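Given the structure is predicted, the values throughout are model-derived calculations rather than measurements. Note that the numbering runs from 1 along the sequence shown for the chain.
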Amino acid sequence: TRPWYIRARQQLTTIWTDPYIFFSSQQPGITLASPVMDGPDSVRGIVGVDIEISDISDFLSLLRVGSTGKALIIHRNGDVIAHPDQQFIRTPGPDGTLRFAKIWELEDPIARSAFSPLYREGALFTPQEMSSQFTHDGETYVSVVKPIISRELPWTIAVYAPENDFTAVIKRNRLN
């Protein structure tokens, strides 16, 4: 009955699931599943491997993006699957189980301002790197969204930082 089992059996190939919150550990993860064949058209079984992806958030928390900027990873469907503050990515679903927070409901208001508009039309499609400038609470920020990593892992890396993190020294020198 597991979705990864059903997909691998139907497609007769190795599959990656979309990220989800593991039931037992309550940690974010993905499952890699592959059929074990017993002849050309006969499936003997499916091997599934769960991979926790919380380490990605740990890595993002160590990155320096300007002085105060942040990097996050967003699934094509708007799920925030990695953020420097891991508590932001999990939220209760309607049935009480945990699910990923969507970018438009994330408790990081600057990330919401920067990236929610990209998902207004549904799934994110970024064929090339996109950079932009936006204002949040009167401060100017810059952001970059990278293209989707791959068809199997439709995730994008999104980064934002206050513009002053990069230009304050230049502005002070120009003023002097």
**Student:** Among the clusters formed by ILVMFWY side chains lying less than 4.5 Å apart, do L63 and I110 turn up in the same one?
**Tutor:** yes
**Student:** How far does CG of D50 sit from CD of Q27, to the nearest 0.5 angstrom?
**Tutor:** 12.5 Å
**Student:** If hydrophobic clusters are built by linking Ile, Leu, Val, Met, Phe, Trp and Tyr wherever their side-chain heavy atoms come under 4.5 Å apart, do V49 and L12 end up in the same one?
**Tutor:** no
**Student:** Quick check against the 3.5 Å criterion: does E129 have a side-chain atom that pairs as donor or acceptor with the backbone of V144?
**Tutor:** no
**Student:** Grouping I, L, V, M, F, W and Y whenever their side-chain heavy atoms are under 4.5 Å apart, do F59 and I53 come out in a common cluster?
**Tutor:** yes
**Student:** Mind listing the closest non-hydrogen atom pair of I148 and P154 along with its distance?
**Tutor:** CG2-CA, 3.3 Å
**Student:** Nearest 0.5 angstrom please: W16 CH2 to S34 OG, how far?
**Tutor:** 11.0 Å
**Student:** To the nearest 0.5 Å, what is the distance between CD (E163) and CD (E139)?
**Tutor:** 9.5 Å
**Student:** Between W4 and I46, is there a side-chain heavy-atom distance shorter than 4.5 Å?
**Tutor:** yes
**Student:** If every non-hydrogen atom of Q11 is compared with every non-hydrogen atom of I15, which pair is closest and at what distance?
**Tutor:** OE1-CG2, 3.2 Å
**Student:** Measuring from D108:CG to L72:CG, what's the distance to the nearest 0.5 Å?
**Tutor:** 7.0 Å
**Student:** When you look at I89 and S57, which way does the side-chain contact (heavy atoms from CB on, under 4.5 Å) test go after all the steps?
**Tutor:** CA-CA 9 Å; I89 64 175; S57 288; 4.1 Å; yes
**Student:** If two hydrophobic side chains count as joined below 4.5 Å and joins carry through other members, does F22 share a cluster with I6?
**Tutor:** no
**Student:** For the residue pair Y20 and T31, confirm or rule out a side-chain donor-acceptor distance under 3.5 Å.
**Tutor:** yes
**Student:** Looking at side-chain heavy atoms only, is the closest gap between T140 and P162 below 4.5 Å?
**Tutor:** no
**Student:** Quick one: does Q86's side chain have a donor or acceptor within less than 3.5 Å of a partner on H83's backbone?
**Tutor:** no
**Student:** Measure the shortest side-chain to side-chain distance between R90 and I21 over non-hydrogen atoms and say whether it is less than 4.5 angstrom.
**Tutor:** yes
**Student:** Does P19 reach the side chain of H75, with side-chain heavy atoms less than 4.5 Å apart?
**Tutor:** yes
**Student:** Heavy atoms, side chains only, cut-off 4.5 Å: are V145 and L118 in contact?
**Tutor:** yes
**Student:** Nearest heavy-atom pair of T17 and R7: which atoms, and what distance?
**Tutor:** CA-NH1, 3.9 Å
**Student:** Do the side chains of L153 and I30 get nearer than 4.5 Å, heavy atoms only?
**Tutor:** yes
**Student:** Return yes if some donor-acceptor pair links the side-chain N/O of D79 with the main-chain N/O of I81 below 3.5 Å, else return no.
**Tutor:** no
**Student:** Between F115 and Y160, what is the ring plane arrangement, given parallel below 30°, perpendicular above 60°, and tilted in between?
**Tutor:** tilted
**Student:** Using modelled atom types only, decide if a donor and an acceptor are shared between the side chain of E105 and the backbone of K102 within a distance under 3.5 Å.
**Tutor:** yes
**Student:** Could you pull out the closest heavy-atom pair between R64 and S67, with the gap in Å?
**Tutor:** NH2-CA, 4.5 Å
**Student:** Has D55 got a side-chain atom pairing as donor or acceptor with D58's backbone, closer than 3.5 angstrom?
**Tutor:** no
**Student:** Counting only N and O atoms by type, is there a donor-acceptor contact under 3.5 Å from the side chain of T91 to the main-chain atoms of F100?
**Tutor:** no
**Student:** Hey, does W155 have a side-chain heavy atom less than 4.5 Å from the side chain of I74?
**Tutor:** no
**Student:** Please give me the minimum heavy-atom distance between G69 and D165, naming the atom from each residue.
**Tutor:** N-OD2, 3.8 Å
**Student:** For a 4.5 angstrom cut-off between non-hydrogen side-chain atoms, does L60 reach I73?
**Tutor:** yes
**Student:** Identify the two heavy atoms, one from I103 and one from R112, that lie closest to each other, and give their separation to 0.1 Å.
**Tutor:** O-CG, 3.0 Å
